[in-house]
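To start, the structure under review is shown below, and the notes come after it.
Counting starts at 1 for both ligands and their atoms, following the listed order. For the numbers below, each heavy atom of this structure counts, side chains included, while hydrogens, waters and symmetry mates do not. Numbers for residues simply follow the sequence, beginning at 1.
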Amino acid sequence: MTFGASPSPDSKDVEFDSNSSLWQLCIQQLANELPEQQFNTWIKPLKADVALNGSKIIIWVANRFKLDWIRAQYFQKLSTMLEQLNGQPIKLELSLSVKEIQHHHFTAPAKTEFEIPLESRGIPDDTPVNGHKSRLNTALTFENLVEGTANRMARAAAMHVATIPGQLYNPLFIYGGVGLGKTHLIHAVGNKLLADQPDAKVLYIHAEQFVSDVVKAYQRKTFAEFKHHYHSLDLLLIDDVQFFANKDRTQEEFFNAFEALLAKKSHIVMTSDTYPKGLNDIHERLVSRFDSGLTVAIEPPELEMRVAILISKARNEGTEMPEEVAFFVAKNVRSNVRELEGALRKILAYSRFNQKEINIQLARDALRDLLSIQNRQISVENIQKTVADYYKIKVADMYSKKRPASIAKPRQIAMYLAKELTQKSLPEIGELFGGRDHTTVLHAVRKIGSERQQLNDLNQQLHVLEQTLKG
Ligand code: ADP
Ligand code: MG
């Protein structure tokens, strides 16, 4: 197995087929054998080149993290299956896609153990768990973070970092919309590391707090201490880095801390509401650092996951929520986990207060206000607002005549979604987008529809928008 970008030297004179029936067969068989989510997450995205003489197959994997995972979980299975299908021995190589290699720096061969620098021990502080204040919320752990398709990758990567920090996926950059569990996950990393290694120097900090720490250090001329504090950490968890926008001094200090920490193989985990290149007003050199480890998304939870979360949270409160009630709530509360928790709290309170059992009728009563809002159909207005928020443009630009691509594209996406998700006709939609002609709408619908077939990024964005709008 190689980690190289190109097939190993011995394969130079062999010709490869990227559309091989051997690989198609293997994929089909795995699709039948593996649980659907597993298949979709790990196997489906793989591409393979098969030597025409059947001696070798190179499977291309999108990133280092997936590569490790596939090697650990599926290598044996793939190997055996391919050999059987091939009818003769075949050499299996896992390799990173070329694109990934160009964009990501790899850390040097890893240390076998996570070493905690001596100077991190026994530094006096106000709540010395291990002589150091971590600012972790101990209630946010992996154990109570429900896993589902929407967070599987992010959770697995975070778990890996918590288990063997300082090695792979550094920095780990986790992004996603509000209330999807980013803060929970980043605390879970810290809590797990501290549980395993009580001496580790861990710090959780919200980006806004970091900004104010920088300002304080600046005013009090205490940069030396500030630096010492940050640069001595083993694990820095920094939440909502989009708040660094336009804070030049902070970005500079963070850049310094970042470099110092990576140099001594301390781990950095960040969260943000968008992927690194989508961040506004953050210096290019910082953005490229953010993207230099592993970047993973958390998506809005799908129905099954919302059900699982409700049942699990109710259980944590000592209440069994019947599955049908969980389904009812999950179908109606779709945007994010924070809102699910809000709905659950209302139901529990209502049930206790009225001393009634939890059933669908009770849930309906408890959530009356919320449901009347949710039950309104998806409106074009709502689509415009959601899309504008997502792409960080003004809602007014949905009706404006402006044409720069940064505005025109989201506008076309909103038109596409309006056609897809509402009953409105093309002329009606045109009217709602600042009195545009129906042919303009038709053009947008066709264009986005065909582009999403070809562009993974766009398809992913549309998927998130659709989930957000309809759940
Ligand atoms: P974000 O930081 O992405 O805005 P949070 O981490 O604050 O979101 O999550 C919002 C709430 O939802 C928190 O109370 C968190 O514990 C809970 N939550 C989010 N995702 C999950 C999950 N998968 N399982 C259990 N609870 C979750
Ligand atoms: Mg958060």
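The aromatic rings of Phe254 and Phe210 sit perpendicular, their planes meeting at an angle over 60°, well past the 30° parallel limit. Between Tyr230 and Phe226, the ring-plane angle classifies as tilted under the 30° and 60° cut-offs.
A ring-centre distance under 6.0 Å is found for Phe243 and His206.
For the pair Arg289 and Phe255, the NZ or CZ position fails the cation-pi test of under 6.0 Å to the six-membered ring centre and within 45 degrees of the ring normal.
Near ligand 1, Leu140, Asn144, Leu145, Val146, Asn151, Gly177, Val178, Gly179, Leu180, Gly181, Lys182, Thr183, His184, Met305, Ile309, Lys313, Val337, Arg338, Glu341 each place a heavy atom less than 4.0 angstrom from the ligand.
Arg364 pairs by the side-chain hydrogen bond (donor to acceptor under 3.5 Å, both in side chains) definition with nothing, not counting sequence neighbours.
One finds no salt bridge joining Arg306 and Glu339 here, because no Lys/Arg side-chain nitrogen approaches an Asp/Glu carboxylate oxygen to under 4.0 Å.
Under 2.8 Å from the Mg ion (ligand 2) lies an N/O/S atom of Thr183, whether from backbone or side chain.
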